A.B. asks: 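Quick one: the structure is below, questions incoming.
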Amino acid sequence: MSSPEKTLILVKPDGVRRGLVGEVISRVENKGYKVTNLRMLTADRALLTKHYEEHQGKPFFEPLLEFMSSGPIVAMIAEGEQVIQGFRKLAGATDPTQAEPGTIRGDLARDMGTKVIQNIVHGSDSKESAEREIKIYFN
Ligand code: DAT
Ligand code: MG
């Protein structure tokens, strides 16, 4: 039997500042996924450059690094059948104005008028990303 699928979830600095760590964990657990690892850290540029390497060169890359290192974040591994896609659905669209109500971003975030979108959470977008990102945050 193969081990259950795993994804990397982050509560970003905006989520931590607003006291939404418990809310995010509740939504993950209420959906039925299992949180197996949890860690609070303040990410540095080296770590974030690895995490967001696909976005290097984009106009929001520097603002993204600045924002993501602006305060503590909470990193977790969640597991369950199809958790990668399932958590992306729970999180909602990248742009919180477009994210459907009922999703984390749709319910809890809005356009802040900043150079980088602030949207409370990160979730891996594929098995390859999940494996790569889990190694970055939990080695
Ligand atoms: P997601 O976090 O939904 O996987 P992504 O990987 O495309 O989205 O981008 C990473 C983060 O960068 C995203 O959560 C918010 C920010 N971002 C993405 N596209 C942006 C844009 N066009 N302008 C400003 N910030 C953006
Ligand atoms: Mg992404």
Side-chain angles (χ1 to χ4, degrees):
M1 207 185 94
S2 61
S3 48
E5 188 170 287
K6 294 177 197 299
T7 195
L8 178 86
I9 297 172
L10 300 178
V11 183
K12 297 182 179 183
D14 56 338
V16 173
R17 275 194 285 271
R18 289 178 49 208
L20 295 172
V21 175
E23 174 75 28
V24 171
I25 294 173
S26 287
R27 287 179 184 228
V28 171
E29 290 186 331
N30 290 345
K31 178 77 173 173
Y33 299 131
K34 187 171 176 189
V35 176
T36 61
N37 301 66
L38 190 67
R39 138 171 213 236
M40 181 175 260
L41 68 149
T42 302
D44 61 20
R45 287 186 62 92
L47 184 151
L48 292 168
T49 301
K50 264 197 246 168
H51 176 177
Y52 285 116
E53 64 183 11
E54 67 177 304
H55 296 305
Q56 274 193 59
K58 295 183 186 170
F60 61 86
F61 183 70
E62 272 303 321
L64 179 61
L65 261 53
E66 191 76 13
F67 165 59
M68 287 298 295
S69 61
S70 68
I73 62 177
V74 170
M76 65 192 104
I77 302 173
E79 68 175 37
E81 285 297 320
Q82 293 199 259
V83 66
I84 296 171
Q85 201 191 342
F87 180 74
R88 296 279 295 186
K89 287 279 191 187
L90 286 185
T94 305
D95 175 352
T97 303
Q98 300 305 326
E100 294 292 337
T103 65
I104 293 168
R105 290 162 170 175
D107 286 348
L108 306 173
R110 67 171 173 88
D111 189 340
M112 302 301 286
T114 46
K115 284 186 188 142
V116 70
I117 294 168
Q118 301 188 8
N119 55 13
I120 314 279
V121 286
H122 165 82
S124 308
D125 63 8
S126 66
K127 283 190 186 186
E128 296 66 41
S129 304
E131 216 168 285
R132 195 179 68 81
E133 292 170 4
I134 285 170
K135 277 190 206 136
I136 294 173
Y137 288 89
F138 296 90
N139 49 30

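Predicted model, so just to flag it, every value in this text is computed and none were measured. Residue indices begin at 1 and follow the sequence shown. Start at 1 and go down the list; that is how both ligands and their atoms are numbered.
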A.B. asks: What residues come within 4.0 Å of ligand 1, counting heavy atoms only?
C.D. replies: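 Correct list: Lys12, Tyr52, His55, Phe60, Leu64, Arg88, Thr94, Arg105, Lys115, Val116, Ile117, Asn119.
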A.B. asks: Just jot down the salt bridge (charged side-chain N to carboxylate O under 4.0 Å, His left out) partners of Lys127, sequence neighbours excluded, or say none.
C.D. replies: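 In terms of salt bridge (charged side-chain N to carboxylate O under 4.0 Å, His left out), with neighbours along the sequence ignored, Lys127 is linked to Glu5.
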A.B. asks: Return all side-chain donor-acceptor pairs below 3.5 angstrom for residues 70-81, not counting sequence neighbours, or 'none' if the list is empty.
C.D. replies:
| residue | atom | partner | partner atom | Å |
| --- | --- | --- | --- | --- |
| Ser70 | OG | Arg17 | NH1 | 3.2 |
| Ser70 | OG | Arg17 | NH2 | 3.3 |
| Ser70 | OG | Phe67 | O | 2.6 |
| Glu79 | OE1 | Lys6 | NZ | 2.8 |

A.B. asks: Tell me, with the steps shown, if Arg132 and Glu54 meet salt bridge (Lys or Arg N to Asp or Glu O under 4.0 Å).
C.D. replies: CA-CA 12 Å; Arg132 195 179 68 81; Glu54 67 177 304; 5.5 Å; no
A.B. asks: Check whether Arg105 reaches the backbone of Val121 with its side chain - one donor and one acceptor, N or O, closer than 3.5 Å.
C.D. replies: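 Yes, the answer is positive, given that a donor and an acceptor are paired below the 3.5 Å cut-off.
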A.B. asks: Would you list the atom pairs, donor with acceptor, under 3.5 Å between side chains in residues 108-115 and any protein atom, with sequence neighbours excluded?
C.D. replies:
| residue | atom | partner | partner atom | Å |
| --- | --- | --- | --- | --- |
| Asp111 | OD1 | Gly113 | N | 2.7 |
| Thr114 | OG1 | Val116 | O | 2.7 |

A.B. asks: Working to the nearest 0.5 angstrom, can you tell me the gap between Ile136 CD1 and His51 NE2?
C.D. replies: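 Between Ile136 CD1 and His51 NE2, I get 6.5 Å after rounding to 0.5 Å.
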